[in-house]
Asks: 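Below you'll find the structure I mean.
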There are 2 protein chains.
Amino acid sequence: MKERDELDRCDCNVIHEDVVNAVREKMPSEENLYDLAELFKVFGDTTRIKILWALAESEMCVCDIAVLLNMTQSAISHQLRILRQARLVKYRKEGKIVYYSLDDEHVKHIFDQGLIHINEKY
Amino acid sequence: MKERDELDRCDCNVIHEDVVNAVREKMPSEENLYDLAELFKVFGDTTRIKILWALAESEMCVCDIAVLLNMTQSAISHQLRILRQARLVKYRKEGKIVYYSLDDEHVKHIFDQGLIHINEKY
DNA sequence: TTAACACTTGAACGATTATTCATATTTGTA
DNA sequence: TACAAATATGAATAATCGTTCAAGTGTTAA
């Protein structure tokens with residue numbers, strides 16, 4: 001049974017079984033919730049937030065970003081890989097130089113929602 | 001000098017100094033960027049995402065959440081503390097039982113923006 | 001007042017992660 | 001061809017983080 005399975009792990013009694021069942025039915029798939037957490041995890045680092053914010057302002061090469069943030073080029077490059085994998089940034093090559101920019105407008109919208117929350121509370 | 005400071009850390013030459021300076025002027029304060037990253041960090045965990053999603057559906061007590069997510073009540077309680085500190089959830093006590101709910105509507109809006117990004121790309 | 005229950009909390013452990021360092025790759029140039 | 005510049009990458013290290021375990025509150029009920 002489903003219920004018995006859960007009681008193995010949970011060290012307390014079900015208090016509102018009806019609520020639990022109702023919520024369970026409306027929960028998105030495990031995969032969707034995982035993807036969502038993975039996306040926000042990418043936003044959950046100061047360096048990456050700074051990079052995204054900078055790219056929201058202007059296309060920049062790796063070296064520019066490193067100078068702007070006062071960090072090594074290697075550190076920036078590692079973070080850009082993560083941002084690329086999350087499809088948050090895209091790049092174009094021009095000779096030796098690689099220019100990065102935001103992949104879409106979603107980044108700004110996600111920022112906006114985050115800022116609304118931060119600024120509303122004292 | 002500002003410039004010399006940065007070159008100490010960055011192991012490459014400034015390529016587009018004008019771009020760097022323009023972006024630097026528009027960057028929000030270090031504190032704002034830090035707060036934003038901290039907020040998204042809270043969203044960057046599957047357990048917390050599940051809790052928030054559940055609470056978006058209905059007010060629930062700690063035990064209910066533990067049963068729903070098939071986790072120990074202690075693990076849930078630890079995560080609820082983080083969500084409380086981020087002002088994402090609030091609670092009310094009724095005897096022994098503590099009921100948690102979303103602190104405001106921002107959570108749903110942040111979810112929505114995240115989902116838009118995930119669902120648009122294949 | 002004793003016991004049971006709902007929940008919280010602190011310490012410990014294992015896993016994940018950001019940065020550094022050294023090295024590799026690619027491209028332009030002498 | 002050899003070299004320097006811009007970027008990428010793999011391994012190592014230190015720090016952070018989620019869960020577990022054990023012990024602690026606080027509340028209800030016997």
Side-chain angles (χ1 to χ4, degrees), chain A residues 7-17 19-20 33-34 37-38 40-52 59-86 89-100, chain B residues 7-17 19-20 33-34 37-38 40-52 59-86 89-100:
Chain A
L7 286 169
D8 290 342
R9 269 277 186 108
C10 175
D11 48 358
C12 56
N13 308 321
V14 187
I15 301 186
H16 310 93
E17 212 164 337
V19 172
V20 173
L33 294 167
Y34 178 82
E38 287 300 304
F40 287 125
K41 205 174 283 181
V42 175
F43 282 88
D45 176 80
T46 315
T47 300
R48 289 192 294 265
I49 284 279
K50 286 177 184 173
I51 293 175
L52 290 172
E59 175 187 70
M60 296 180 94
C61 71
V62 180
C63 184
D64 288 343
I65 302 171
V67 172
L68 175 70
L69 304 188
N70 194 26
M71 292 178 66
T72 64
Q73 164 267 120
S74 176
I76 299 298
S77 191
H78 277 296
Q79 297 299 351
L80 284 170
R81 186 173 47 81
I82 293 170
L83 293 171
R84 251 184 288 138
Q85 287 168 348
V89 303
K90 61 179 190 287
Y91 65 94
R92 67 182 179 85
K93 288 187 182 176
E94 205 171 276
K96 293 184 284 191
I97 304 174
V98 181
Y99 292 96
Y100 280 86
Chain B
L7 286 168
D8 291 343
R9 269 277 187 108
C10 174
D11 47 359
C12 56
N13 307 321
V14 186
I15 301 185
H16 310 94
E17 212 163 337
V19 173
V20 173
L33 294 167
Y34 177 82
E38 287 301 302
F40 287 126
K41 203 175 284 178
V42 175
F43 282 88
D45 176 79
T46 315
T47 300
R48 288 192 293 266
I49 284 280
K50 287 177 183 172
I51 293 175
L52 289 172
E59 175 187 68
M60 296 181 94
C61 71
V62 179
C63 183
D64 288 343
I65 302 172
V67 172
L68 175 69
L69 305 187
N70 193 26
M71 293 178 65
T72 62
Q73 164 265 116
S74 174
I76 300 298
S77 190
H78 276 296
Q79 298 299 353
L80 284 170
R81 185 172 49 82
I82 294 170
L83 294 171
R84 251 184 289 138
Q85 286 169 348
V89 302
K90 61 179 189 288
Y91 65 94
R92 65 180 180 88
K93 288 188 181 176
E94 203 170 277
K96 294 185 282 192
I97 305 174
V98 181
Y99 291 96
Y100 280 86

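All chains are named by letter (A, B, ...) in the order of the sequence lines, taking the proteins before the strands, and each is independently numbered beginning at 1. Keep in mind that this is a model prediction, so the values were computed, not measured. Reckoned from all heavy atoms, side chains included, excluding hydrogens, waters and symmetry mates.
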Asks: Across nucleotides 23-30 of chain D, 5' to 3', mark each nucleotide with B, S or - according to how protein heavy atoms within less than 4.0 Å reach it.
Replies: ----BS--
Asks: From CD of Gln79(B) over to P of dT20(D), roughly how many Å is that when rounded to an integer?
Replies: 10 Å
Asks: Within the 4.0 Å heavy-atom criterion, would you say Ile65(A) contacts the bases, only the backbone, or no part of the nucleic acid?
Replies: nothing
Asks: Taking all non-hydrogen atoms of both residues, which atom of Arg84(A) and which atom of Val89(A) are closest, and how far apart?
Replies: N-CG2, 3.7 Å
Asks: Between Ile82(B) (CD1) and dC17(D) (P), how many Å, whole number?
Replies: 8 Å
Asks: In whole angstrom, give the distance that lies between atom CD1 of Ile51(B) and atom P of dC7(C).
Replies: 13 Å
Asks: In whole angstrom, what separates Ile15(B)'s CD1 from dA5(D)'s P?
Replies: 11 Å
Asks: Using atom CZ of Phe40(A) as one end and atom C1' of dT17(C) as the other, report the distance to the nearest whole Å.
Replies: 20 Å
Asks: Between Tyr99(B) and Glu38(A), name the one whose nearest nucleotide on DNA chain C is closer to the 5' end.
Replies: Tyr99(B)
Asks: Look at the side chain of Thr47(A) and the base of dT19(C), then say whether one donor and one acceptor between them are separated by less than 3.5 Å.
Replies: no
Asks: Which pair of non-hydrogen atoms, one from Cys61(B) and one from Ile97(B), has the smallest distance, and what is that distance?
Replies: CB-CG2, 3.4 Å
Asks: Looking at Gln73(A), I'd like to know whether one of its side-chain N or O atoms comes within less than 4.0 Å of OP1 or OP2 on dA8(D).
Replies: no
Asks: Determine whether any donor atom in the side chain of Ser74(A) lies under 3.5 Å from an acceptor atom in the base of dC21(C), or the reverse, and answer yes or no.
Replies: yes
Asks: Kindly indicate whether the side chain of Thr72(A) and the base of dC21(C) share any N or O donor-acceptor pair separated by less than 3.5 Å?
Replies: no
Asks: Given side chains that start at C-beta, do those of Tyr91(A) and Val62(A) come closer than 4.5 Å, heavy atoms only?
Replies: no
Asks: Do you know the tightest heavy-atom contact between Asp45(A) and Ala37(B)?
Replies: C-CB, 3.8 Å
Asks: Between Tyr100(B) and Gly44(A), which is nearer to the 5' end of DNA chain C once each is assigned its nearest nucleotide?
Replies: Tyr100(B)
Asks: If we only count heavy atoms from C-beta on, is the Leu83(A) to Tyr100(A) side-chain gap below 4.5 Å?
Replies: no
Asks: Would you indicate whether the side-chain heavy atoms of Ile82(A) and Gln79(A) approach each other to under 4.5 Å?
Replies: yes
Asks: Rounding to a whole Å, what distance do you find between Ile97(B):CD1 and dA4(C):P?
Replies: 18 Å
Asks: Round to a whole Å and report the spacing from OH of Tyr34(B) to P of dT16(D).
Replies: 9 Å
Asks: Rounded to whole Å, how long is the line connecting atom CD of Gln85(A) with atom P of dA18(C)?
Replies: 12 Å
Asks: May I ask you to verify whether the side chain of His78(B) and the base of dT20(D) hold a donor-acceptor pair under 3.5 Å?
Replies: yes
Asks: With respect to the phosphate group of dC7(C), does any side-chain polar atom (N or O) of Arg81(B) fall under 4.0 Å of OP1 or OP2?
Replies: no
Asks: With side chain to side chain contact (heavy atoms under 4.5 Å, CB included) as the test, pick out the partner of Tyr99(A) among Glu59(A), Met60(A), Lys90(A).
Replies: Glu59(A)
